[in-house]
Structures are given as structure tokens and as C-alpha cells.
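Keep in mind that this is a model prediction, so the values were computed, not measured. First the proteins, then the strands, lettered A, B, ... as listed; each starts at 1.
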Number of protein chains: 2
Amino acid sequence: MGRRFETRAALQDAALELFADLGYEGTTTARIARRAGVSEMTLFRHFASKESLLLDDPFDPVMADAVLSRPADEPPMRALAEGIRAAWLGLDTEQVAELRVRLRIAAGATTLSGALERNSVETVTALTAALVARGVSAEGSGIAASAVIAGLSRALMDWAQGEEGGIQDAVYRALDVLGGR
Amino acid sequence: MGRRFETRAALQDAALELFADLGYEGTTTARIARRAGVSEMTLFRHFASKESLLLDDPFDPVMADAVLSRPADEPPMRALAEGIRAAWLGLDTEQVAELRVRLRIAAGATTLSGALERNSVETVTALTAALVARGVSAEGSGIAASAVIAGLSRALMDWAQGEEGGIQDAVYRALDVLGGR
DNA sequence: AGCCAGAATGTTAGTAACTAACATCCCAGC
DNA sequence: GCTGGGATGTTAGTTACTAACATTCTGGCT
């Protein structure tokens, strides 16, 4: 094995370099493939879309777990907000820097409006399941999870575009708002 | 004048009929244009995308106004949720029926994931402005507005796919969750 | 070493949403 | 009647993405 992983990484690297140079919309999938030394068809075998070259689903199981351990009487939005905080403590500076690069590219491409949320389906599903396990209705769980991820996405986009402030602060402020404070 | 409006309406009618018959993804823009008796190019002069044939921005100024008149000490998510309720009282049954048709089509098309939110940019902007006018920070306002619209969109999708329950009930339950109850 | 199965990749041809450039038409107002 | 400008048509593209089928490459077995 290995080759599969290597090609995938090569494609993602090529994509990020070109996105940075030419912008997201100025970069064609054909060119990404060429730079990775691979055919365009192969690109689409590794990534379902051009979008997913930039934004993987950032699903983090720690989030869902943390939500489960919130006090039982907490309303769903609050439980999500307080639970998610935990997962955001374990980021090292390199991860944060790369996240920022990706988000800046995403923020600059009009055709990527809503892309972050679109690529968080698995995360939303996991959070929804966590709420259901806490006894919240399936309907209410889905609504709360969608809302929190949307709010969080917006906060991250704002953070990426603004001055170099701490990502933790930005996320915490967002979660305060979403949790109803 | 008039012709411009007529073509636009003809296109939208043709689109909805075909979407209902063949599904969203099974309908090509070329075919919509043909049925409306117009060239494909003309279609794209009236609608920026295939998506927008199905989902216009449903911006309702009543919503933003209602948010403005909430008590000053209410936290942003609560103010949005409670404010928005008002705007949902004035829907007649015909509007609701058509909304349901559109949403069912949207729910059945995988490529339309997140489309409702994407087509609510103006609404989000208006709600953000309303919160800012109430003294909430620009950052927090955007986050809250994005979250509430996402939650509401999710609730509407659920409602459209489920049994024929009242839309008011569905929206009210969603707003309860979003408002932190 | 030589061979085999299956995975990874390539090639080719196509579809469909959208765009640019330029020609034409059609209606309103003089 | 004529004319100017907006609405439309035509043509020719670009780009993301897919289907079908051929080829190559790799790792394990004898």
C-alpha cells in the first residue's frame, strides 16, 4: 500500500499551492492533476469534488463525546456549545496555521459560499446523534446541530479573514452567542 | 414593460413543472428553457443559476423589524427566535402549499444540500443588521443570524419531508430550540 | 524468477451548467 | 416612419464531473 495515500497527498498539496497562487476559481482541476503528475480522472477518484480538495469533513469524535457528558438538564444549544469547547483545546499551532490558510481561500471564493457547512455533514450527524442519546428529539437535535455548525463556520470564516487573533477566543465567543448568552 | 416579467414567470413555472416530473437533477436547463419557449441563454439572464429557479431568497422585512422590537436585554439568539415568530403568522395556505412543493424537491436532490441557506444570504444580512442595531457586536450578530437561518432551514426541510403537519408548529418548535429552551 | 489477481491509473468521449461576444429583434417615444 | 435601447437569439466556448473500457503496476504465491 502507500501509493494510494501518496497520490492523494500529492493532489492535495498541488491543489493548495495552486489555490494560493491563482485563487480557487482560477485553478482548474486539470491543472491540479497535471501538477500532481496524474490524470484528471484520478483526481476525481480520490476526491469527490474540487471543493473537497480544500475542505475535508473536520469531524472530531471528541466533540460528540464531550456533548454526551454535559449535565442532563441543559438545553440542547447550550449542551452543544459547552461540549464543543473541549475539542478546541487540543489544536497545535501548525494545525491552526493550515486551517487559516484553507479558510482564507474559502472565504475569497464566492462559489464556495456555504462550502464549510456542506463539508461538515458527518460532524452534524455525529452531534445530532449525541443529542438524541441525551434524550433530545430527533427533530430538535438536527436543528440544533445544524445551527451550531453554521454559527461556528461563520465564526471561523470571520476569524480567518480578520486580524491574527487567537482562534480559541473566536470560537469561544461564538459558542457564547450560540449557547444563548 | 411586462415582457421581462412574463418570461421570468414562464421560466419559473416551466422549471417547477419539470422538477416535479423528472426531479431536479433529471431536469436540464436546456429543457426548461425550451418549455418556456425561450433560449437557454435567456434563462441565465433571468436567473443566476439553476438553483435560483427553485429557491429565491425569501427575505422578509417583517422578520428584521420584529427582531428590532424585542426587549433590549434579550440575548441575540433569543431575540432572533422570538422576533422571527411574528413573520410566520401571515402565511396563507396557498403560499404554504407552494413552499412545501419547492422544499420537497430541494430535499430530494442531493446536489442541493445547503441550497436553502445559500439562497438566504439577504435574509441573513438583514437579520445581522437588525442585531447590530440592537447593540450586538457585528461578529456575534453574523454568527447568530447564520445559526438561526441554518436551524430554521433544517426545520423546514424536515417539515416538508414529513407528514402534513402544521408549518407553524414546526417553525415554533425550531425557534424554541434555537432560542435556548 | 516468474506468474497471477486485484487495485490503481490512464484514455476517450461525453454531459451539463454556465459565460462571452456579437447579431437581431421589437417596442416606446419622437 | 424612424430610431435607440432593452430583451432575445446564436454560436462557440470553458469547466466540473461521469461512464466505459483498456492498461499498468504491485504484492503475494509457487
Side-chain angles (χ1 to χ4, degrees), chain A residues 1-19 21-57 105-106 108-116 118-119 121, chain B residues 1-19 21-57 105-106 108-116 118-119 121:
Chain A
M1 76 190 94
R3 234 184 38 283
R4 168 141 219 166
F5 174 77
E6 283 165 28
T7 344
R8 198 188 146 89
L11 281 165
Q12 206 149 21
D13 290 350
L16 285 181
E17 288 167 24
L18 289 175
F19 290 162
D21 280 4
L22 316 171
Y24 178 80
E25 339 208 52
T27 307
T28 74
T29 53
R31 186 151 178 188
I32 295 171
R34 208 178 52 208
R35 170 179 279 227
V38 114
S39 86
E40 196 178 355
M41 185 71 246
T42 294
L43 184 156
F44 284 105
R45 278 195 269 251
H46 284 275
F47 296 91
S49 65
K50 184 182 175 186
E51 231 180 71
S52 58
L53 280 160
L54 183 62
L55 305 167
D56 279 339
D57 192 314
I105 294 169
T110 44
T111 54
L112 281 180
S113 160
L116 199 47
R118 235 176 295 141
N119 287 276
V121 186
Chain B
M1 74 187 103
R3 247 202 5 296
R4 166 141 220 169
F5 175 77
E6 282 164 30
T7 343
R8 196 188 148 89
L11 281 165
Q12 205 148 21
D13 290 349
L16 285 181
E17 289 166 24
L18 289 174
F19 289 162
D21 281 4
L22 316 171
Y24 178 80
E25 341 211 46
T27 306
T28 73
T29 53
R31 186 151 177 187
I32 296 171
R34 210 177 52 208
R35 171 179 281 228
V38 115
S39 87
E40 197 180 353
M41 185 70 245
T42 295
L43 185 155
F44 285 105
R45 278 196 268 249
H46 285 274
F47 295 90
S49 66
K50 185 182 175 186
E51 235 181 66
S52 59
L53 280 159
L54 182 62
L55 304 167
D56 278 340
D57 193 314
I105 294 169
T110 44
T111 54
L112 282 179
S113 161
L116 198 47
R118 265 198 303 280
N119 287 276
V121 186

Gap between atoms CZ and P, on Arg31(B) and dT15(C) respectively (whole Å): 16 Å
Residue-phosphate contact under 4.0 Å: His46(A) side-chain N/O, dT9(C) OP1/OP2: yes
Atom pair CG (Asp56(B)) and CZ (Phe47(B)), whose distance is rounded to the nearest 0.5 Å: 6.5 Å
Nearest listed nucleotide, side chain of Thr7(A), among dT9(C), dT8(D), dC17(D): dT9(C)
5'-most by nearest nucleotide on DNA chain D - Glu51(A) or Gly37(B): Gly37(B)
Sugar-phosphate, base or nothing in reach of Thr111(B), heavy atoms under 4.0 Å: nothing
Phosphate contact (dA16(D) OP1 or OP2) by Ser49(A) side-chain N/O below 4.0 Å: no
Contact under 4.0 Å: Thr29(B) side-chain N or O vs dA16(C) OP1/OP2: no
Protein-nucleotide distance (Arg8(B), atom CZ; dT8(D), atom P), rounded to Å: 12 Å
Whole-Å gap separating C1' (dT8(D)) and CD (Glu6(B)): 14 Å
Within 45° cone of Phe19(B) ring axis and under 6.0 Å: Lys50(B) NZ or CZ: no
Check: Leu53(B) and Leu43(B) side chains under 4.5 Å, non-hydrogen atoms: yes
Distance-only donor-acceptor test, Arg45(B) side-chain atoms vs dG9(D) base atoms, 3.5 Å: yes
Interatomic distance where OH belongs to Tyr24(A) and P belongs to dT15(D) [whole Å]: 14 Å
Rounded distance in Å - CG (Leu43(A)) to P (dT9(C)): 11 Å
Met41(B) CE to dA16(C) P, straight-line distance once rounded to whole Å: 18 Å
Side-chain N,O (Thr42(B)) to OP1/OP2 (dG9(D)) below 4.0 Å: yes
Close side-chain approach of Thr110(A) to Glu25(A), heavy-atom, < 4.5 Å: yes
Residue whose closest nucleotide on DNA chain D lies nearer the 5' end, Val38(B) versus Phe44(A): Val38(B)
Nucleotide dT8(D), atom P - distance to CD of Glu40(B) in whole Å: 15 Å
Sugar-phosphate, base or nothing in reach of Thr28(A), heavy atoms under 4.0 Å: sugar-phosphate
Verdict with supporting geometry, Arg31(A) and Leu22(A), side chain to side chain contact (heavy atoms under 4.5 Å, CB included): CA-CA 11 Å; Arg31(A) 186 151 178 188; Leu22(A) 316 171; 3.7 Å; yes
Separation of atom CZ in Arg34(A) from atom P in dA16(D), rounded to whole Å: 13 Å
